[in-house]
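One structure is given here, and the rest of the page talks about it.
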Amino acid sequence: MNDRIILVSHLGLATGMKKALEFIVGEQSQLHAVELDEAGIEHFKKKLTLLPNDGQCDSTILVSDIPSGSPGATAYSYFAESGDVRLLSGMNLPLVLDLVLSSAIKPTEQLIPDAITAAKETIQEYTIHSTGETEDDF
């Protein structure tokens, strides 16, 4: 499959997520980041129109920061008439890593639920119970 993955968020998250992912796995030509900033929603829409679209992708996967947020809703509306578009919310690094690394080997119908499952499995709680002793007590 040839999926285009677009991270959309409020200021700072999408580009930070893209940078973190590319720090780990290197540059990814199918991954893009667009953020809503102080310039407003019309400026955000303009940035969406500037994304490369060579017509080679089978589908567009939008990953937004929060459900029903302006970046995700606006991007979904913009791309909805351009073909196969999916919108995921709850952007996190394990989710995006799984989408990027598996998009070449899995069909979109399998890629998305597998990535969501993998991302949920990475959310864990660790608790440290203190004994009340400090290092000086030894």
Side-chain angles (χ1 to χ4, degrees):
M1 296 301 296
N2 188 12
D3 297 311
R4 175 171 64 165
I5 300 166
I6 303 172
L7 308 176
V8 294
S9 73
H10 295 84
L11 184 61
L13 184 60
T15 57
M17 187 70 62
K18 184 176 186 290
K19 286 179 183 176
L21 181 135
E22 291 182 340
F23 175 75
I24 297 169
V25 298
E27 187 174 331
Q28 301 295 311
S29 62
Q30 80 277 32
L31 181 64
H32 308 278
V34 180
E35 297 173 343
L36 176 61
D37 58 23
E38 302 85 5
I41 201 71
E42 292 305 318
H43 183 68
F44 177 80
K45 289 178 185 176
K46 177 72 175 172
K47 290 190 284 187
L48 292 174
T49 67
L50 300 176
L51 289 172
N53 186 5
D54 58 9
Q56 300 297 312
C57 63
D58 297 320
S59 66
T60 298
I61 300 173
L62 301 167
V63 183
S64 69
D65 51 358
I66 55 176
S68 303
S70 296
T74 302
Y76 187 77
S77 293
Y78 176 76
F79 289 107
E81 295 182 17
S82 64
D84 186 13
V85 180
R86 313 295 173 93
L87 173 62
L88 308 176
S89 64
M91 180 189 309
N92 65 54
L93 190 54
L95 172 69
V96 179
L97 269 169
D98 203 83
L99 289 171
V100 167
L101 296 177
S102 300
S103 66
I105 57 174
K106 293 181 181 177
T108 306
E109 294 75 24
Q110 181 184 1
L111 173 68
I112 290 174
D114 286 357
I116 291 171
T117 298
K120 285 180 179 177
E121 290 173 356
T122 65
I123 298 171
Q124 300 181 10
E125 178 184 5
Y126 297 93
T127 302
I128 298 172
H129 295 283
S130 174
T131 61
E133 297 177 358
T134 64
E135 197 171 296
D136 293 338
D137 293 336
F138 292 107

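Heavy-atom basis, side chains included; hydrogens, waters and symmetry copies ignored.
- A side-chain hydrogen bond (donor to acceptor under 3.5 Å, both in side chains) with D3 is found for exactly one of S102, S103, S59, namely S59.
- Counting only heavy atoms from C-beta outward, the side chains of H10 and I66 approach each other to under 4.5 Å.
- M91 and V96 make their closest contact through CG-CG2, 4.1 Å (heavy atoms, listed as atom of the first residue, atom of the second, distance).
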When you look at I61 and L111, which way does the side-chain contact (heavy atoms from CB on, under 4.5 Å) test go after all the steps?
CA-CA 10 Å; I61 300 173; L111 173 68; 3.7 Å; yes

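- A search for salt bridge (Lys or Arg N to Asp or Glu O under 4.0 Å) contacts involving K45 returns E42, not counting sequence neighbours.
- Between the side chain of E22 and the backbone N or O of Q28 there is at least one donor-acceptor pair closer than 3.5 Å.
- Contact detail for F79 and L51: the closest heavy-atom pair is CZ-CD1, 3.9 Å.
- Counting heavy atoms from C-beta outward, T108 and D58 have side chains that stay 4.5 Å or more apart.
- Side-chain contact between P71 and E35: absent, with no pair of heavy atoms (C-beta onward) separated by less than 4.5 Å.
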Apply the test side-chain contact (heavy atoms from CB on, under 4.5 Å) to residues L88 and L99: give CA-CA distance (whole Å), side-chain angles for both, the deciding distance (0.1 Å), then the verdict.
CA-CA 11 Å; L88 308 176; L99 289 171; 3.9 Å; yes

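- Put simply, the side chain of I24 reaches to within 4.5 Å of the side chain of L93, judged on heavy atoms.
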Check against side-chain contact (heavy atoms from CB on, under 4.5 Å), V8 and F44:
CA-CA 10 Å; V8 294; F44 177 80; 4.1 Å; yes

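- Side-chain contact check for L87 versus V85: every heavy-atom pair is 4.5 Å or farther apart.
- Side-chain N or O atoms of R4 include none that pairs as donor or acceptor with a backbone N or O of H32 at under 3.5 Å.
- When the side chain to side chain contact (heavy atoms under 4.5 Å, CB included) test is applied to T117, the partners found at least two apart in sequence or on another chain are E121.
- Contact record, S9 with A14: OG-N, 2.8 Å, taken as the closest heavy-atom pair.
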